[in-house]
Structure formats: C-alpha cells, structure tokens
Amino acid sequence: MRKLLFVTGGVCSSLGKGIAASSIGALMEARGFSVQMVKIDPYLNVDAGTMSPYQHGEVYVTDDGAETDLDLGNYGRFTTAKLSRANSITTGQVYKAVIEKERAGEYLGRTVQVVPHITNEIKQRILAVASNPEVDMTIVEIGGTVGDIESVPFLEACRQLIHEYGKQNAVSIHVTLVPAVSGGEIKTKPTQHAVKELQEVGIQPDALILRSAKPLSDDVRRKISLFTNVEEEGVISGYDAPTIYEVPLAFYNQKLDTFLLRKMNVESRHAELGKWQAVVQAVTKPSRKVKIAVVGKYMDLHDSYKSIWEALCHGGIAHNAGLEIEKVDSSRLEDSNADLEAIFKGIHGILVPGGFGERGIEGMIRAARYARENKIPYLGICLGMQIMVIEYARSVIGWQDAHSTEFNKATPHPVVCLLEEQTRIKNYGGTMRLGAYEAVTKAGSFIRAAYGTEQISERHRHRYEVNNDIRQELEAHNLTISATTPNGELVEACEWPEHPWSVGVQFHPEFKSRPTSPHPLFKEFIRAALSHAGA
Ligand code: GLN
C-alpha cells in the first residue's frame with residue numbers, strides 16, 4: 001500500500017496542523033491501517049533540544065533520545081506510531097548531512113545544490129520512515145506556513161514525491177484559516193490565496209481543512225471548492241472543538257478519512273471509534289472535578305508544558321474527573337509575604353514539572369514543603385523530584401544550605417549534582433542523559449503500586465542526579481528511594497514517608513500518556529487528589 005499524506009498550512013501559523021495530522025492518523029488507525037508520522041521543521045537548529053521553552057514550547061523526547069518538536073507528542077497521543085529520531089526532520093539536520101557528505105567527497109566533484117542534493121536528502125529521510133513494509137500510510141507534516149522562505153526546499157521535495165509516487169499514492173492536505181470579520185461575516189479570500197500559493201509551488205491540494213471558530217456552512221465550503229479545484233467532499237470544516245480529542249470525530253463525521261481513502265484508491269474498512277467517543281465523553285461531561293496546582297517556571301506559554309497538561313487530563317479521564325488547573329509561577333512563591341495557604345486553597349494535588357536554571361527554584365522548594373507538611377498529593381517530575389530531595393535535606397535532615405549544584409556550585413551539601421558522564425561534556429546539543437532507560441521499582445512503594453511491575457522503562461532528559469554520597473543519609477531519615485537504575489547506581493524515584501501520595505521521578509512519564517491509555521503515575525496522582533478532595 002505505502003501511501004504518503006502531506007499536511008501543509010496556509011494563511012498563518014498555529015492553526016493546529018499537528019492536531020489535524022494526528023487526527024487523520026488516529027482515524028486511519030481506527031480503520032485498521034498502520035500509520036507513521038513525520039514532522040518537518042524548517043528551522044536551522046538540528047533539533048529542538050537547545051531551544052528555549054518560551055520560543056518553541058516543550059521539547060518532546062523519544063525512546064531513542066531525540067529531542068524533538070512538541071508535535072511528536074501529539075502524534076504519540078493520537079496514534080500508536082513508534083516514534084524515533086527518524087520521525088523529526090529539520091533544515092539543520094538536512095544541511096548538516098549534505099555538508100558532511102560534501103566534505104567527505106561523496107558528491108564526486110559535482111556542484112552541490114538545493115535541488116537536487118538538499119531535496120534528495122529530504123526525500124530520502126521521508127522515505128526511510130515511509131518505506132517500512134509494516135507501514136501502510138505515512139503522514140508528513142510540514143511546519144511553518146506555505147510562502148515562508150524556509151519551507152521552499154521541503155515543499156519542492158514534497159512536490160517531487162507526489163509526482164514520482166503518483167496522485168493515487170501521495171495526497172496533499174492543506175490546513176487554512178477562514179476568519180469571521182466583525183459582524184460575523186465569513187471570509188474565504190485568505191484561503192483562496194493560500195491555496196494559490198501552494199499551487200504556485202506545483203502542489204494541488206486534494207483536501208482542505210478550514211480552521212474557523214464555528215462549523216462552516218455548505219455554501220462556504222462550495223464556494224471554496226469552486227475557487228480552489230478541491231472537490232467539495234474534500235473541503236472539511238475544522239471548527240474549534242471543546243477538546244482536541246474531538247477532532248478525529250469531527251473529521252470522521254465529515255467523511256474526511258473515506259474521502260482520502262478514495263483518493264488513494266484504498267478500500268475503506270470499518271472504523272472503530274468507541275475509545276475516542278469515550279475520551280470525548282469523559283473530557284466534556286466529567287462526573288466530578290479535581291483541582292491541581294502546577295508550580296513551574298515557564299507558565300506564560302501554555303505549550304511549554306504541553307505533555308504535562310495532556311497527561312493530567314488523561315489522569316482525569318481515567319476517573320471521569322474534569323481537571324481544573326491552577327498555574328502557579330514558582331517565582332510568585334518566593335516573596336516572603338507569599339501566602340501559600342491562600343495560593344493552595346482548594347487544591348487537591350501539587351505537581352512540580354521539569355525545568356532548567358535558577359529562577360523560581362526557591363518557590364518550588366516552598367511548594368514541595370507545603371505539599372509534604374500538609375499531606376497534599378505531590379507529583380515531582382525530573383526537576384520536581386530534585387526539588388523534593390533538596391527540600392527534604394533542608395527541612396528534615398537540617399542541612400539549610402542543601403542545594404543542587406545546578407543552582408549553587410559551592411554548596412557544602414550538594415544533594416543533587418552533575419551525573420559523572422556529564423562532567424566532561426562541552427557541547428549543549430543532544431548531550432543530556434536522553435531517552436528511555438529501564439528502572440526497577442521498590443516493592444511496597446507508591447510507584448510500584450501505580451505501575452504494578454518491578455521493571456519499568458521511561459524517558460529521560462536531564463544532566464543532574466541525586467548525589468550518591470548522601471543517599472544513605474536520605475534513607476536514614478526515611479526518604480524512600482522507590483526506584484533506581486537496574487544496577488542500583490542512579491536514583492530514579494523517591495517518596496516521602498507518612499504521606500498520602502508522593503512520587504518524585506527523575507524521568508518524564510508525561511511523554512508516554514495517551515487519552516486512550518492514561519499513564520499510571522498520572523492516573524494514581526489524580527486518584528490520590530480525588531481522595532484528598534473527598535477527605
Ligand atoms: N535541570 C535539571 C537537570 O538537568 C532537571 C531537568 C529536567 O527537569 N528536565 O537535571
């Protein structure tokens with residue numbers, strides 16, 4: 001079968017191409033096809049690992065340790081595609097590979113050019129994923145907006161692939177905006193122009209997904225079809241849904257998937273959408289509420305903690321509970337006048353997520369202390385676990401100056417310090433402890449109860465670790481080391497004694513949570529929060 005589906009965007013950015021691509025993936029999987037997903041990012045960074053969360057949102061990590069665009073997180077939540085380094089392509093990677101080949105003399109004296117050398121490298125990378133015999137369809141999302149300078153080589157590669165594969169094997173889906181001007185009048189002109197722009201680079205879209213606040217009328221769809229040479233059936237209203245998890249159903253109801261299958265000459269199969277319907281039901285009509293405070297430092301940009309918000313939502317789905325999230329900028333808690341009692345009033349659980357750099361750290365430590373002393377369920381992720389250890393060393397062991405050497409190099413009590421292998425590293429890109437590692441959980445711990453297994457595997461992205469020299473001291477003061485690496489060398493999780501539910505993990509469980517299979521730690525955290533709410 002081996003079909004290619006290209007997803008591009010027009011008019012402006014942030015239209016939700018990632019959700020559109022993911023939803024098409026979910027629908028194809030619901031019909032029993034095996035799907036792969038590729039994200040193309042036309043920036044020059046080799047990967048997203050060195051980009052600020054404020055610039056680019058969360059960095060999503062794959063099992064094989066690639067630091068990728070957060071859209072891969074969407075793919076991972078909507079589909080079961082096995083995502084790895086190969087699923088994320090950037091301009092930086094493509095040029096780096098071509099230049100390295102040129103230096104190695106592989107082009108045999110020829111002039112190295114954007115066409116065909118860069119475009120060939122792009123095509124080769126797409127096909128490396130798409131040619132897997134187990135994959136029926138590969139959805140390739142091209143980041144940015146058609147018309148941007150950066151995306152030109154990618155669109156050219158996509159045009160060539162459509163030409164080489166034939167229209168029956170490679171389809172184009174363009175996501176555009178249909179705004180309403182004051183008075184509510186719907187405007188189709190931006191979409192007409194956006195499609196022209198795509199046609200100019202030689203691509204005729206097969207389907208259009210029109211983003212708008214409200215569902216679009218058939219008249220509007222017909223008009224757009226007329227102006228763009230896209231069949232009316234292929235003009236889909238991508239209206240704002242109450243939850244992103246409803247988008248696959250919205251597309252299904254407009255028969256986008258059967259239309260695309262017809263275009264690709266693939267016989268349609270029964271669609272099994274029960275689990276998506278259940279997800280939407282749980283998110284939009286929960287039977288109870290739970291209120292979680294997330295105390296972090298990148299609070300101004302929602303996308304910085306994208307997978308955390310989603311995983312919390314999934315934890316709620318598991319208990320039919322709607323989530324109310326209180327975003328607390330940790331710097332706010334640093335003011336000596338900050339009234340934690342007031343800030344955490346009515347909160348049923350506190351989560352401290354990952355992060356880098358000193359700002360807001362003391363506030364996180366205060367939040368952890370508040371959760372420990374007031375017996376509020378606590379989930380600490382990566383930095384959030386290190387915070388737990390610092391706080392414990394200060395308040396319980398009595399080392400007032402305990403710190404991580406990330407924030408205080410000279411502390412006499414470095415309870416969190418650089419991993420041995422990190423001490424020699426000079427370059428920033430791709431050099432953290434990255435990707436999936438196994439860990440063993442301790443019998444009788446919260447984490448063991450959550451997973452139900454001794455062996456677990458989770459993804460990491462950090463440079464610092466609990467200092468092994470103080471492990472005994474922590475345990476002597478009853479902090480439970482509830483998971484370690486299989487050789488026992490690194491602390492992977494800890495828990496407070498005499499606490500209703502507290503888990504700090506050195507890894508990032510949020511990356512593996514799906515709405516259709518909530519992650520066990522988030523599920524248990526929300527369960528504990530619900531029982532705290534009840535109590
Ligand atoms: N800054 C910490 C470290 O590098 C935590 C990283 C994180 O939270 N992802 O270890």
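Values below: every heavy atom of this structure, side chains too, minus hydrogens, waters and symmetry copies. Here, residue 1 is the first one in the sequence, and each next residue gets the next number. Whatever order the structure lists ligands and atoms in, that order sets their numbers, starting from 1.
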Atom of V129, atom of N87 and distance for their closest heavy-atom approach: CG1-ND2, 4.2 Å

Is it the case that the side chain of R394 and the backbone of W399 share a donor-acceptor pair, with hydrogens and angles ignored and the cut-off at 3.5 Å? no

So, H519 versus E310: side-chain donor-acceptor pair below 3.5 Å or not? no

For the residue pair Q422 and Y464, confirm or rule out a side-chain donor-acceptor distance under 3.5 Å. no

At a 4.0 angstrom heavy-atom cut-off, what protein residues surround ligand 1? G354, G355, F356, C382, L383, Q386, E406, R461, H462, R463, Y464, H508

For the residue pair Y305 and Y298, categorise the inter-ring angle as parallel (less than 30°), tilted (30 to 60°) or perpendicular (more than 60°). tilted

Atom CD of Q455: over 12 foreign heavy atoms under 6.0 Å: yes

